[in-house]
Amino acid sequence: MAGKPPSISLCSLHRTTVAAAALILLSFSLFSIRSLRSPLQTQNQYNSHLTFPNAPTDNLNPPFDGSHLLSSSSIYHSAKIFSASYAEMERRFKVYIYPDGDPKTYYQTPRKLTGKYASEGYFFQNIQESRFRTEDPDQADLFFIPISCHKMRGKGISYENMTVIVQEYVEGLIRKYPYWNRTLGADHFLVTCHDVGVRAFEGLPSLIKNSIRVVCSPSYNVGYIPHKDVALPQVLQPFPLPPGGNDVVNRTILGFWAGHRNSKIRVILARVWENDTELAISNNRISRSIGELVYQKQFYRCKFCICPGGSQVNSARITDSIHYGCVPVILSDYYDLPFNDILDWKKFSLIVREKDVYQLKTILKSVADEGFVELHKGLVEAQKHFEWHSPPLPFDAFHMVMHELWLRHHVIKY
């Protein structure tokens, strides 16, 4: 009888150990499944019950305060999770920028902060200005490869030579530093908004396969990997006119699009709807000759702004629509919308399949007045996420891109 209690204890311990192992296995299985769906969903089980202190202040960035975010949660998948994750990012996230390359050529500094590819320039400048930068690579969560294809293009570099320059630069970093080989580049990222620039990096298959690409043309069907790569919003700054606010009453035109027919969907859009009396559809961008900023002013008068993909799936028209308060109608297949992990685009836009362009008017008219008011309200709330500033401001486009990178750095294993 004296030996019986230890036997029972060992048996209980064995059952407990088996149960714990099973629980751990189940947890890892769930983690793996969720990680395939969305990086943000992967964090839910860890972040939903956590609170974080305010990030330390500095002269460039005000302290984080997510209270208003939690009280206006309509456009987020989960405002609570985003708020907690954002605060942790502000507190912990560090990025090392490789110091190599002459800033007067294609490295480190932006070409310019205006025009079609302003987002690339702003990121290059903002990362230098932000608290996320670290001079100590041993503290870094991610490594930024600071080569700008936009600057190369500005200096007249051909696509072929651009590819060679990129390849030689990245291979030089791999030879000189030990960091790439720790993860085969999985903790490295590049930023390029230039369409040709995206292709210029394809001379390095390991970079395309492993590293994080932050790009303005995030198309599912050309090698973009949503759970690894990041959609960079294409913002044509500076905006010539102020943002559209609570001006629903003045929006009397059902839908608007004016642009060049440089894609199949745009050709169809113009052919089917350019003579419609309720849709303002033009197959050419409105000329300045008929009045200054006529194109931009048209956004203020319209309920919905049609955003068809052009030569790429993306279009600066989407962020124009958001800025001017015109609900964007995303008419582009295979498009990973910017900040899709965080923002619920259905709360401030309409997403229409290209094949449904023939039913466009019916789709727009099916949105009741109350539904449009809600979409417009969400759109005004989303505006702060699609603007660049120097220095960067909390929740602006730079911080949203950084948060997307922050979500992806969690999968890195040393």
Side-chain angles (χ1 to χ4, degrees), residues 72 74-77 233 241 243-286 290 293-310 313-338 340 343-383 385-386:
S72 57
S74 60
I75 63 171
Y76 305 98
H77 293 298
L241 295 172
N246 299 318
D247 52 358
V248 175
V249 177
N250 299 323
R251 299 183 179 275
T252 57
I253 300 174
L254 178 62
F256 167 61
W257 176 76
H260 301 299
R261 293 186 292 181
N262 58 349
S263 67
K264 181 179 178 180
I265 186 59
R266 291 187 176 193
V267 170
I268 297 172
L269 177 67
R271 186 181 72 237
V272 174
W273 297 110
E274 64 180 333
N275 295 317
D276 190 87
T277 57
E278 294 181 89
L279 298 175
I281 304 296
S282 173
N283 64 5
N284 285 297
R285 185 173 283 250
I286 297 173
I290 64 173
L293 300 177
V294 170
Y295 173 73
Q296 288 82 2
K297 290 176 182 177
Q298 188 79 329
F299 282 90
Y300 291 127
R301 302 174 57 206
C302 301
K303 295 175 68 175
F304 298 99
C305 286
I306 320 304
C307 303
V313 295
N314 59 298
S315 170
R317 185 175 279 98
I318 295 175
T319 52
D320 281 348
S321 301
I322 292 172
H323 174 78
Y324 294 116
C326 183
V327 174
V329 180
I330 314 298
L331 189 61
S332 182
D333 295 343
Y334 309 112
Y335 184 18
D336 187 50
L337 290 162
N340 203 27
L343 302 178
D344 185 352
W345 277 78
K346 292 181 180 179
K347 299 295 181 61
F348 58 93
S349 72
L350 296 183
I351 301 173
V352 178
R353 296 172 297 182
E354 291 185 6
K355 70 177 185 178
D356 293 330
V357 64
Y358 302 97
Q359 286 77 48
L360 179 62
K361 185 174 175 180
T362 301
I363 292 170
L364 299 186
K365 296 191 77 171
S366 69
V367 179
D369 290 341
E370 314 86 73
F372 171 71
V373 170
E374 285 301 308
L375 287 171
H376 188 268
K377 180 181 176 182
L379 189 64
V380 173
E381 187 180 348
Q383 287 174 339
H385 298 314
F386 294 90

Taking the side chain as every heavy atom from C-beta outward, state whether L360 and W257 have any pair of such atoms under 4.5 Å apart.
no

Is a side-chain donor or acceptor of E274 paired with a backbone partner of I281 at a separation under 3.5 angstrom?
no

Under 3.5 Å donor-acceptor, H77 side chain and N340 backbone:
yes

Short question: side chain of W273, backbone of V357 - any donor-acceptor pair under 3.5 Å?
yes

Heavy-atom check, side chain of E278 versus side chain of K365, under 4.5 Å:
yes

So do Q383 and F348 actually touch side chain to side chain, heavy atoms under 4.5 Å?
no

Mind listing the closest non-hydrogen atom pair of L364 and G255 along with its distance?
CD1-CA, 4.4 Å

Could you tell me if the side chain of Q296 sits less than 4.5 Å from the side chain of D320, heavy atoms only?
no

Which heavy atom in P243 sits nearest to a heavy atom in Y300, and how many Å separate them?
C-CE2, 4.5 Å

Measure the CG-CD1 distance between L331 and I318 for me, rounded to the nearest 0.5 Å.
10.0 Å

Which atom names give the shortest non-hydrogen contact between P308 and I265, and what distance separates them?
CB-CG2, 4.0 Å

Hey, does S74 have a side-chain heavy atom less than 4.5 Å from the side chain of K347?
no

Donor-acceptor contact below 3.5 Å, side chain R261 vs main chain I268
no

Could you grab the distance from atom CD of Q298 to atom OH of Y324, nearest 0.5 Å is fine?
12.5 Å

Is the backbone of R266 close enough, under 3.5 Å, to the side chain of H260 for a donor and an acceptor to pair up by distance?
no

Please round to the nearest 0.5 Å and tell me the distance separating atom SG of C307 and atom CD1 of I322.
8.0 Å

In a single word, yes or no, tell whether C305 and C326 have an SG-SG distance below 2.5 angstrom.
yes

Take F372 and V248 through the test side chain to side chain contact (heavy atoms under 4.5 Å, CB included) and record every step on the way to the result.
CA-CA 9 Å; F372 171 71; V248 175; 3.5 Å; yes

Donor-acceptor pair, side chain of H376 and main chain of G245, under 3.5 angstrom:
yes

The test is side chain to side chain contact (heavy atoms under 4.5 Å, CB included); show your working for I75 and H385 and say whether it passes.
CA-CA 11 Å; I75 63 171; H385 298 314; 4.2 Å; yes

Got a sec: does the NZ of K377 have more than 12 other heavy atoms crowding it under 6.0 Å?
no

Atom SG of C302 and atom CG of N250: how far apart are they, to the nearest 0.5 Å?
11.5 Å

How would you list, by chain and number, every residue that makes a side-chain hydrogen bond (donor to acceptor under 3.5 Å, both in side chains) with R353, sequence neighbours excluded?
D356

Considering only heavy atoms from C-beta outward, does the side chain of L337 approach that of L343 to under 4.5 Å?
no

Give the intermediate values and the outcome of ring pair (Phe, Tyr, Trp, His ring centres under 6.0 Å) for residues F256 and Y295.
CA-CA 10 Å; F256 167 61; Y295 173 73; 5.8 Å; yes

Hey, is the main chain of P328 close enough, under 3.5 Å, to the side chain of R317 for a donor-acceptor pair?
no

Working note: L350 + L375, criterion side chain to side chain contact (heavy atoms under 4.5 Å, CB included); need CA distance, chi angles, decisive distance, verdict.
CA-CA 9 Å; L350 296 183; L375 287 171; 4.0 Å; yes

Closest non-hydrogen atom pair, V380 against G244:
CG2-O, 4.0 Å

What verdict does the side chain to side chain contact (heavy atoms under 4.5 Å, CB included) test give for L241 and L293, after you've listed the backbone C-alpha separation in whole Å, the side-chain angles of each residue and the deciding distance to 0.1 Å?
CA-CA 9 Å; L241 295 172; L293 300 177; 3.8 Å; yes

Looking at side-chain heavy atoms only, is the closest gap between S263 and E354 below 4.5 Å?
no

How about L254 and D276: do any of their side-chain heavy atoms sit closer than 4.5 Å?
no

